[in-house]
Amino acid sequence: MKIGIVGGTGDIGEGIAMRLAPLYDIIVGSRDEVRAKESCTCSIAALKNRGTSCRSFTGATNQDAICCADIVILAVPFRNVITTLETLSCFEDKIVISPVNPMEKRDHFMFVPPEDGSAALMIRRLLPKEARICSAFNTIAANKWKALNEELSYSVPVCGDDEEAKRMVMGIVNSVSKLQGFDAGPLAASSMVEALTPLLLNIARYNKMRDVGIQFM
Ligand SMILES: NC(=O)c1ccc[n+]([C@@H]2O[C@H](COP(=O)([O-])OP(=O)(O)OC[C@H]3O[C@@H](n4cnc5c(N)ncnc54)[C@H](OP(=O)(O)O)[C@@H]3O)[C@@H](O)[C@H]2O)c1
């Protein structure tokens, strides 16, 4: 299975790429192909240092990352989602995963959704109707993805309207470290998942904690 990561050079994109690379073919996407290739070189070296071998792990433009992939992860900041998607195509037959959290830091972190109700529903509106959108990976901090010597023992809520796509995304979630995917309902329920991240950041801030995550028991 080929997984393309739009914005794969970023904090969460690089971490997700390294965690998935031993199991899936990864195409790290960027607006700048050179940056994507540099990111891959660093990630492959980090994995090699740990004695971890990976499958195909390549850098490309965001557009090529989408075209080559079966599954696309949109790892760009919420404020850049609209302009990014306006420049990209080829989503028709893809499963698209949104880890995007629309939030702002004011006095405290706040969930600030678009008019659609959530980033995932906005992405649904912007992409062709054949693309199957799921939200996942919204609540795991980038630092944790990149801490390759640590297990990822988190619950991962997954929302989506296409049951087959949601099952496939939960399969990917469950294949990484100790992550456990949970069906969190239709895409319309994504706002509740996206709103968890500002909550987690506030808990970290006001309790002097770092990289707070969630586990459903
Ligand atoms: N960071 C976390 O801990 C975390 C946790 C859970 C979910 N998330 C979500 O994951 C998404 C990515 O977060 P992140 O922290 O990884 O973001 P980031 O590092 O700030 O940016 C990710 C990538 O987006 C691309 N980008 C930056 N500005 C852009 C622009 N103006 N237009 C198009 N692309 C642009 C860049 O790639 P190129 O310059 O190579 O194109 C960058 O490497 C966000 O929606 C966030 O809510 C983040």
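Start at 1 with the first residue, then count along the sequence. Whatever order the structure lists ligands and atoms in, that order sets their numbers, starting from 1.
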Report the C-alpha separation of I3 and I27 in whole Å, then their side-chain angles, then the decisive distance to 0.1 Å, and conclude whether the side-chain contact (heavy atoms from CB on, under 4.5 Å) test is met.
CA-CA 6 Å; I3 301 182; I27 310 122; over 6 Å; no
Using distance alone, with no hydrogens and no angle criterion, decide if D25 and S56 have a side-chain donor and acceptor under 3.5 Å apart.
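Their side chains do not contain a donor-acceptor pair, so the 3.5 Å distance test is not met.
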For the residue pair Y154 and S177, confirm or rule out a side-chain donor-acceptor distance under 3.5 Å.
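Y154 vs S177: no donor-acceptor pair found between side chains.
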Is a side-chain donor or acceptor of K37 paired with a backbone partner of G59 at a separation under 3.5 angstrom?
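Yes, the answer is positive, given that a donor and an acceptor are paired below the 3.5 Å cut-off.
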So, the side chain of S191 versus the backbone of P113: is there a donor-acceptor pair under 3.5 Å, distance only?
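It does not hold such a pair.
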What does the 4.0 Å heavy-atom contact list look like for ligand 1?
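Its neighbours under 4.0 Å (heavy atoms only) are G7, T9, G10, D11, I12, S30, R31, R35, A75, V76, P77, F78, N80, T84, P99, V100, N101, F137, N138, I140, A141, A142, given by chain and number.
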Go through the steps for I12 and K146 under the test side-chain contact (heavy atoms from CB on, under 4.5 Å), then give the verdict.
CA-CA 8 Å; I12 193 175; K146 288 186 176 180; over 6 Å; no
